[in-house]
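Inspection log for the structure reproduced underneath, given as structure tokens.
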Amino acid sequence: MPLAFLRRPDPDHLDIHHEGTLLRVALRRRDTARRMTLRVSAATGEAVITLPPRLAVSTAQRFAASHAGWIAARLARVPERTAFEPGAEIPIRGEPHRLVLRGARSGAACFGEEEGGKVLSLACDEAHFPRRVRDALMRAARADIDASIERHAVRLGQRPVKVTLRDTRSRWGSCTARGELNFSWRLILAPPMVLDYLVAHEMAHLREMNHSPRFWAVAHHLCGHVDAAEAWLKRNGTQLHRFG
């Protein structure tokens with residue numbers, strides 16, 4: 001009988017002890033992996049160990065345990081999360097906004113100012129507040145992305161066939177061979193020039209599905225702040241994942 005049928009199912013995580021603290025490491029097995037890798041996401045704080053098909057889980061356990069100090073140090077550098085709750089402060093279009101619950105009776109989300117500061121206020125049951133905040137941010141992101149697409153489409157002479165918003169972790173946007181664009185709704189948290197650049201970047205892929213000099217020529221033709229936006233994302237991009 002093949003060994004693959006005799007092997008126990010993999011656990012979904014490994015528990016590692018370090019200086020009195022329990023560290024949880026997600027376990028992934030990939031058919032295409034050639035070696036074991038260990039990563040800690042700066043965006044989510046998730047520790048993940050990836051195994052090739054035939055590597056024993058016990059080997060992964062020992063490897064993770066031997067790197068417990070490294071995992072703990074990486075986790076300590078991950079910014080604390082800010083939940084979508086009344087009174088929390090989050091960036092919207094790059095500017096601090098306080099989240100306000102203005103009543104329990106359902107009402108529209110409103111962007112405005114109170115006591116000299118910008119706010120996003122909602123009227124709803126408090127239990128629904130996080131979802132309503134996320135919905136409001138997604139609507140705002142969709143409006144800004146659609147407006148940016150229209151501006152760039154005039155210069156490019158092309159439009160995407162479909163636009164989708166997601167909560168992606170590994171990339172801010174993508175373009176398929178069919179001309180479909182995907183974006184992270186979290187771009188609404190960044191300054192407008194960053195969102196505009198990401199839209200221009202993905203629309204440039206409608207013309208060039210690569211990162212060749214021709215692609216970058218199109219991107220710079222569409223957007224005059226490519227370098228500034230890239231620099232902002234490099235410095236601050238992971239911070240956008242700590243909200244919500």
Flag side-chain contact, heavy atom, 4.5 Å: [X] against [Y]:
X: I92; Y: L120; answer: yes
X: H241; Y: S41; answer: no
X: R134; Y: W185; answer: yes
X: D12; Y: L27; answer: no
X: H225; Y: C223; answer: yes
X: H152; Y: V199; answer: yes
X: F129; Y: V133; answer: yes

Rounded distance [0.5 Å steps], [atom1] in [X] versus [atom2] in [Y]:
X: T82; Y: R242; atom1: OG1; atom2: CZ; answer: 4.0 Å
X: L189; Y: R186; atom1: CG; atom2: CZ; answer: 6.5 Å
X: L165; Y: L187; atom1: CG; atom2: CG; answer: 8.0 Å
X: L22; Y: D15; atom1: CG; atom2: CG; answer: 4.5 Å
X: F63; Y: L55; atom1: CZ; atom2: CG; answer: 10.0 Å
X: L198; Y: I145; atom1: CG; atom2: CD1; answer: 8.5 Å

Keeping [X] on the side-chain end and [Y] on the backbone end, is there a donor-acceptor pair under 3.5 Å?
X: R98; Y: V119; result: no
X: N236; Y: W232; result: yes
X: E114; Y: V100; result: no

Should the pair H67 and W70 be assigned to parallel (<30°), tilted (30 to 60°) or perpendicular (>60°) ring geometry? perpendicular
What is the ring orientation for H211 with H205, classed by angle as parallel under 30°, tilted 30 to 60°, or perpendicular over 60°? perpendicular
Lys/Arg-Asp/Glu bridge criterion (N-O < 4.0 Å) met for [X], [Y]:
X: E95; Y: R93; answer: no
X: D135; Y: R131; answer: yes
X: R214; Y: E208; answer: yes
X: R28; Y: D10; answer: no

Option among T164, V163, L195, I188 that satisfies the side chain to side chain contact (heavy atoms under 4.5 Å, CB included) test with F183: V163
Grab the two heavy atoms, one from [X] and one from [Y], that are nearest each other, plus how far apart they are.
X: L99; Y: I90; result: CD2-CD1, 3.8 Å
X: T50; Y: A33; result: CG2-CB, 4.4 Å
X: A88; Y: A83; result: CB-O, 3.4 Å

Is the centre of the W216 ring less than 6.0 Å from the centre of the H201 ring? yes
I'd like to know whether E113 forms a salt bridge (charged side-chain N to carboxylate O under 4.0 Å, His left out) with K118, so could you lay out the CA-CA distance, the side-chain angles of the two residues, the decisive distance to 0.1 Å, and finally the verdict. CA-CA 4 Å; E113 291 196 22; K118 294 181 179 295; 3.7 Å; yes
How about [X]: does its [atom1] atom have over 12 heavy atoms from other parts shown lying under 6.0 Å from it?
X: E150; atom1: CD; answer: yes
X: R81; atom1: CZ; answer: yes
X: R235; atom1: CZ; answer: yes
X: R102; atom1: CZ; answer: yes

